Amino acid sequence: MFSVDGAQLYAKKASACWIYIWVLFNLSPDRRYKKKHVFIGGFIPGPNNPKNLDSFLFPGLAHLSAIQREGLRLWDSALHREIQSKVFLALLTADGPGMMHITGLVGYHGKHGCRLYCGLPGRREPQGKHYFPALLKPVDYDIDGCLHEDVEIRNIPRASCDRYHQNLRYLVSSPNETQYRLRRLETGISKPSIFSGLDPYFTLGLPKSAGSDIMHLGALNLSDLMISLWRGTMDCTRPDNKDTWTWLVLQGDVWQRHGKSVADALYFLPSSFERPPRNIAEKLTSGYKAWEFLLYLYGLGPGLLYGILPRVYYSNYCKLVYGMRLMNQHNISLDNVRDAYLALASFAREFEEIYCQRLVTRIHFVRPCLHSLVHLPREVIRLGPPICSSQWTLERTIGNLGEEIKQHSNPFGNLSQRGIRRAQVNALKAMIPGLDTEGSDGGHLPRGSKDLSDGFVLLRARESDPRPLRDCEADALCEYLRILFLGPEVLVRRWAKLRIPTGQNCYSAWKEKQKPLEKRRTARNVKVRRRPAVWFLAYWHVIRFL
Ligand SMILES: [Zn+2]
């Protein structure tokens, strides 16, 4: 998978930079996203956007093309012989603006703006140039080229390579600039893609190699859409009036209290959920992270917005949550796909009915993300769980490479040197596995931890010396082991944390009680506290007896 994105290296200065990576699908999902298996493709220095992205991608693609044609020579250590591997480029991924550059499609504001090239025509507002994928035809609507009747959401066609190529030929044979503009509008293609230069035998080909990106879609685009409606920050086109927006509820005291509830939910989230959402009322506009939006919209929202959003908007929102939770899973069954499809299609259609209400002034509510959402379940059948082809990997890579920048006077040059060094280190580890201290799967237990097997790991801190049991501890241990008596030879030592097979850590009262109240993590492990056996293991490690 090819993945590209622009990144801002410093929060407070113009420092945009583009990075692209390769993800190797031969490796299983639990390995392929590890730092050492993500191949850095290249860096495109900023701070201005590249004028001709293709020219920067060319060296990498020329290399790919060469190993596709000549075969990639690999050593098969099981068979003790050399093999020729065929390198197949399955997917291209990027966020909305990036996708436009690599596929040569017109982009999400075009009349045919679907990134998967399904051919759905958009509609535009009378004053605007941008098109929106509105299914329902507004009343009293008279915009040339957008007068098609309501679109039935189930009849949206699939992407077709033949149609794409036919349209592309039509576009590039335009005799003059005017015809080119007309044909661009009509076909949704603005230029041929450099990826079409690859041998069609070694790639899915456009538009099928265009991936949907559940990270930007779910965590950023949809949350922005819903929150701007509920907060009333969405543009209001006259003569529409915000006083008629009955869904506009997150204001004033309600919004402040809601924000506080989000922050207070911290104590009910297991630590494996990583960064818990902060107070959204305070932090919404200052770097609220994709992960926070994700937990807010699909985790906490249904609980915290119950009774606040009017009923019809609440039930509509729940369809979105239900569908997206299914789509974000690592394993998605056929039943899940069907349920998600029904929920998301119903959400998108109903969204237009209850928010837009067939008003011309509200066409801009139907942002492209609503349409992309409806494609997701079908994409699962074609490509597997969307999380496996999302931009999370690239965002993480940008994050951890950005942290490595050492020379802030020349960040772009330094960044690309960090990338080269990482590639060299990874190559050495592959050639001389002994150099790799993390093991083949990249799993790396923290220093001083103790692996109890079956997914249980004790983590530091640890009591320095083993000591005999106190009476209360002996009673508890006897009860747990269902025996009557423990001999004096049993010694114990307390540990601070126990990692359990779900990847969650539970924290022992022994260490947590030494911290100030607000820093204690015990209250974040509600589930674990109800399971005394696991809790018990976290508290003591019985040295000789077990
Ligand atoms: Zn589409």
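Just follow the structure's listing: the first ligand is 1, and inside any ligand the first atom is 1. What you see is a predicted model, and the numbers here were worked out from it, not measured in a lab.
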Inset, instruction - Using a strict cut-off of less than 4.0 Å between a Lys/Arg side-chain nitrogen and an Asp/Glu carboxylate oxygen, indicate whether R362 and E125 qualify as a salt bridge. - result: no
Legend entry - Metal site the Zn ion (ligand 1), protein N/O/S atoms found under 2.8 Å: 4
Inset, instruction - Could you tell me whether D150 and R358 have a side-chain N and a carboxylate O separated by less than 4.0 Å? - result: yes
Inset, instruction - Indicate whether any N or O donor in one side chain lies under 3.5 Å from an N or O acceptor in the other, for N336 and S333. - result: yes
Inset, instruction - For D224, check salt bridge (Lys or Arg N to Asp or Glu O under 4.0 Å) against everything at least two apart and list the hits. - result: R367
Could you tabulate the donor-acceptor pairs under 3.5 Å formed by side-chain atoms of residues 38-53, not counting sequence neighbours?
unit_1	atom_1	unit_2	atom_2	d
N49	OD1	W18	NE1	3.0
N52	OD1	D54	N	3.3
N52	OD1	S55	N	3.3

Identify all side-chain donor-acceptor contacts of residues 374-382 below 3.5 Å with residues at least two apart in sequence or on another chain.
unit_1	atom_1	unit_2	atom_2	d
H375	NE2	H371	NE2	3.1
R378	NH1	I156	O	3.2
E379	OE1	R382	NH2	3.1
E379	OE2	R382	NE	3.2
R382	NH1	K208	O	2.8
R382	NH2	K208	O	3.0

